[in-house]
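See structure below.
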Amino acid sequence: GILPVRIVTCISKHAGTTSCGSIDDTLQAGKSQAVIFIQRGPPVHKQLPWKTLEDKGLTDPQWVKRIETSLYADWNKIRILIDDIDEWIIDIKDSDDTIYKNYTGRSNKIVLRNLALLRDYAPAHKIWIRIPYIPRYNNDKDVLRTKKRLEDMGFSHLEEFYLISI
């Protein structure tokens with residue numbers, strides 16, 4: 001039969017620790033097909049959720065570790081993950097700083113810098129970039145410009161999608 005997918009929510013604490021919902025209780029019911037960690041806040045080295053599972057012998061070597069991120073974080077917090085992550089899913093929003101700032105309230109300079117650094121450290125086939133059409137913020141021309149910029153940076157796994165407000 002199909003094994004269940006377990007979801008564990010983790011919250012990074014200001015004091016440099018990460019607190020997760022009870023991982024042991026989550027996995028007690030038997031092997032899982034996958035465990036999805038929802039990390040709120042930047043990851044903290046040695047407190048990564050899957051490290052806790054590995055320490056307890058609860059991981060399966062066939063599990064693929066994927067992370068979905070905007071890359072809006074200090075590079076050192078991203079760098080510590082590179083050797084552990086099998087696939088990166090990057091939500092780029094838009095490469096235009098004004099559009100990004102209007103949508104998020106922040107500049108995208110950190111995101112683009114981190115993306116360039118990630119390209120230098122992780123194999124391109126491990127990096128998937130999602131480019132959203134964001135109603136009232138960008139248009140077809142903007143998405144194509146972002147896509148072209150990412151292709152020029154050497155990325156080929158690019159996915160366009162529509163954000164839907166509900």
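- Both the sub-6.0 Å distance and the 45° axial angle are satisfied by Arg130 relative to the ring of Phe161.
- Exactly one of Leu158, Ile67, Leu71, Asn114 qualifies for a side-chain contact (heavy atoms from CB on, under 4.5 Å) with Ile90. That residue is Leu71.
- Atom OG1 of Thr146 is separated from atom NZ of Lys93 by 12.0 Å, given to the nearest 0.5 angstrom.
- Remark: side-chain polar atoms of Asn138 are paired, donor with acceptor, to backbone N or O of Pro132 under 3.5 angstrom.
- With sequence neighbours excluded, the residues forming a ring-ring contact (aromatic ring centres under 6.0 Å, His included) with Tyr103 are Tyr137, listed by chain and number.
- Atom CD1 of Ile131 sits about 12.0 Å away from atom CZ of Arg149, to the nearest 0.5 Å.
- With rounding to the nearest 0.5 angstrom, the CG atom of Asn102 is 6.5 Å from the OG1 atom of Thr98.
- A salt bridge is absent between Asp96 and Lys101: the closest approach of a Lys/Arg side-chain nitrogen to an acidic carboxylate oxygen does not fall below 4.0 angstrom.
- Leu81 and Ile89 are assigned to two separate hydrophobic clusters, defined by single-linkage of ILVMFWY side chains at heavy-atom distances under 4.5 Å.
- Side-chain atoms of Arg119 do not come within 3.5 Å of backbone N or O of Phe155 as any donor-acceptor pair.
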TODO: Please report the C-alpha distance between Lys77 and Asp74 in whole Å, then the side-chain angles of each, then the deciding distance to 0.1 Å, and finally whether the salt bridge (Lys or Arg N to Asp or Glu O under 4.0 Å) criterion is met.
DONE: CA-CA 6 Å; Lys77 296 199 182 294; Asp74 179 86; over 6 Å; no

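- Every residue was checked against the salt bridge (charged side-chain N to carboxylate O under 4.0 Å, His left out) condition with Arg113, not counting sequence neighbours, and none meets it.
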TODO: Could you please spell out the steps behind the side chain to side chain donor-acceptor pair (under 3.5 Å) verdict for Asp91 and Ser70?
DONE: CA-CA 5 Å; Asp91 178 359; Ser70 68; over 6 Å; no

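- Atom CZ in Arg66 sits 10.5 Å away from atom CD1 in Ile85 (nearest 0.5 Å).
- Annotation: the span from Leu115 atom CG to Thr69 atom OG1 amounts to 10.5 Å, rounded to 0.5 Å.
- Asn108 places no side-chain N or O within donor-acceptor distance of the main-chain N or O of Tyr100, the cut-off being under 3.5 Å.
- For Asp142 (side chain) and Asn139 (main-chain N/O), a donor-acceptor pair under 3.5 Å exists by modelled atom type.
- Linking Ile, Leu, Val, Met, Phe, Trp and Tyr residues whenever their side-chain heavy atoms come within less than 4.5 Å leaves Ile99 and Val143 in two separate clusters.
- Expressed to the nearest 0.5 Å, how far CD of Glu160 lies from OH of Tyr133 amounts to 3.5 Å.
- Taking the side chain as every heavy atom from C-beta outward, Asp94 and Arg145 approach each other to under 4.5 Å.
- Applying the ring pair (Phe, Tyr, Trp, His ring centres under 6.0 Å) rule to pairs touching residues 72-98 yields Trp75-Tyr121, sequence neighbours excluded.
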